[in-house]
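Worksheet for the structure shown next.
Letters go in sequence order (proteins before strands), and every chain restarts at 1.
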2 protein chains.
Amino acid sequence: MDVRTICLGILTRGDATGYEIKKLFEDDGYQHFVEASFGSIYPALQRLTEEGYVSVRSEAQEKRPDRKVYSITPQGRSQFIASLLKPLPEDRHRSPFVFAMLFADLLPQSRVSGMVDAYISQVEQKLAHLNQHDSASKPEGDKFVSGFGRAVYVAILDYLRSHRAEIETRLAAEAAE
Amino acid sequence: MDVRTICLGILTRGDATGYEIKKLFEDDGYQHFVEASFGSIYPALQRLTEEGYVSVRSEAQEKRPDRKVYSITPQGRSQFIASLLKPLPEDRHRSPFVFAMLFADLLPQSRVSGMVDAYISQVEQKLAHLNQHDSASKPEGDKFVSGFGRAVYVAILDYLRSHRAEIETRLAAEAAE
DNA sequence: GTTTGCATGTAAACGGTTACATGATTGG
DNA sequence: CCAATCATGTAACCGTTTACATGCAAAC
């Protein structure tokens, strides 16, 4: 899912500025599955406007750049739905942590433990974040996705806590340094 | 983790050609967390050679391009380890499926069911793949990672099977088409 | 007879991030 | 006083994918 499509999706939930779209990615629990930078959001919104999938109204502000509030158009909405009707691209996960774990035997034990600790607390944080922003009032999809995230994070924590020893307990890790 | 680093990592396990490295990504259970195309592997290997992190020997073949077998050098090895010692970039997951689920209420129920079915069988396949390529003989890291993958996939399947109704049961989905 | 496997590589296109430019206001 | 929030945008760069080019051998 490219930034264009993600922007359209967010705009189906209501009007927003580029700045707000970025915030939604970070704060509202979407952040676990999508993210994007200003450098990609603003141009995407411009192109979507040119193509007629969104419309803009400028709200003048004193001592700040004008707020440009974007709304999805009917064409944008059906374009968005169409994109959900055609075959979805596959998931891609890139986990430097998991990759590193493959080579645990090349690293000092302390480094491996450090990585596992860091990863656990990262996941704990994400889980906490998910629990804070409760989606009870939001569309069914949001609840489902939020539950999905929770299930995955809990599984990861369980696994790491009960299996970390296997990768930390080793005799000699001469390799590094 | 960029393709360069991934190549180095694979070469710590033994010599390989560009072609074989690609195969390893696909077949050997690494595939769940990393992948790369020829278009990135071959140039990466060339650059690593220039920089002295790997060495090549050409094995002539009849009626085929020469096999170029790459080996990691001592410098490559310590470079690789160094890259695992510095702070790891965060994981990134992009899941078009999960994204689509956020907007289940805009889609016909049949499409949502179809997506869930497709996703479930995709995950089932990955799980089966993981179970086939058993890593019993491989380094501890491989077993750990393989267990990690299994844990995540199982959690996903459990969640989808027990919660799919929440997103499929709805009265009226006029939106689409 | 067509697909799959072996085997290497290049070039263009793509999608995205990072850094830069600008600048007032509010909260700690 | 400094950091964060609000607010938009551009340009250079980067890593990767996709498509192309080449071509035989074996399996189905």
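At whole-Å resolution of the value, OH in Tyr19(B) and P in dG23(D) are 18 Å apart. Counting to the nearest Å, the P atom of dT10(D) and the CD1 atom of Ile41(A) are 14 Å from each other. Distance Lys22(B) NZ to dG9(C) P: 15 Å, rounded to the nearest Å. Atoms CD (Glu59(B)) and C1' (dT8(C)) sit 14 Å apart, rounded to a whole Å. Atom CE of Met1(B) and atom P of dC14(D) are 18 Å apart (whole Å). Residue Asp66(A) contributes atom CG, which lies 19 Å from atom P of dT22(C) at whole-angstrom precision. Atoms CZ (Phe38(B)) and P (dA19(D)) sit 15 Å apart, rounded to a whole Å. For the pair Glu20(A) CD and dT8(D) C1', the interatomic distance rounds to 13 Å; values are reported in whole Å.
Between dT17(C), dT10(C), dG15(C), one nucleotide has an atom nearer to the side chain of Pro43(B) than all others, and that is dT10(C). Side-chain proximity of Tyr42(A) to dA7(D), dT17(D), dG16(C): nearest is dA7(D).
Between the side chain of Arg111(A) and the main chain of Leu84(B), a donor-acceptor pair closer than 3.5 Å is present.
For dT16(D), the OP1/OP2 oxygens have a side-chain nitrogen or oxygen of Arg94(A) closer than 4.0 Å. OP1 or OP2 of dT10(D) sits under 4.0 Å from a side-chain N or O of Gln46(A). Remark: Thr17(B) is in phosphate contact with dT8(C), judged by side-chain N or O atoms under 4.0 Å from OP1 or OP2. Between Lys68(B) and the phosphate of dG9(C), there is a side-chain N or O to OP1/OP2 separation shorter than 4.0 Å. Here Ser40(A) reaches the OP1 or OP2 of dT17(C): one of its side-chain N or O atoms lies under 4.0 Å away.
Between Tyr70(A) and Arg4(B), the residue anchored closer to the 5' end of DNA chain D is Tyr70(A), taking for each the nucleotide with the nearest heavy atom. Comparing Arg47(A) and Arg67(B), the nucleotide of DNA chain C nearest to each residue sits closer to the 5' end for Arg67(B). The residue among Ile6(A) and Gly39(B) whose nearest nucleotide of DNA chain C is located toward the 5' end is Gly39(B).
Between Tyr159(A) and Phe144(B), a ring centre-to-centre spacing shorter than 6.0 Å is recorded.
Side-chain contact annotation: Ser95(A) with Asp91(B), donor-acceptor N/O pair under 3.5 Å present. If you check the side chains of Arg150(B) and Ser146(B), you find a donor sitting under 3.5 Å from an acceptor.
Sorted by first then second residue, the ring-ring contact (aromatic ring centres under 6.0 Å, His included) pairs that include residues 64-84 of chain B, not counting sequence neighbours, are Phe103(A)-Phe80(B).
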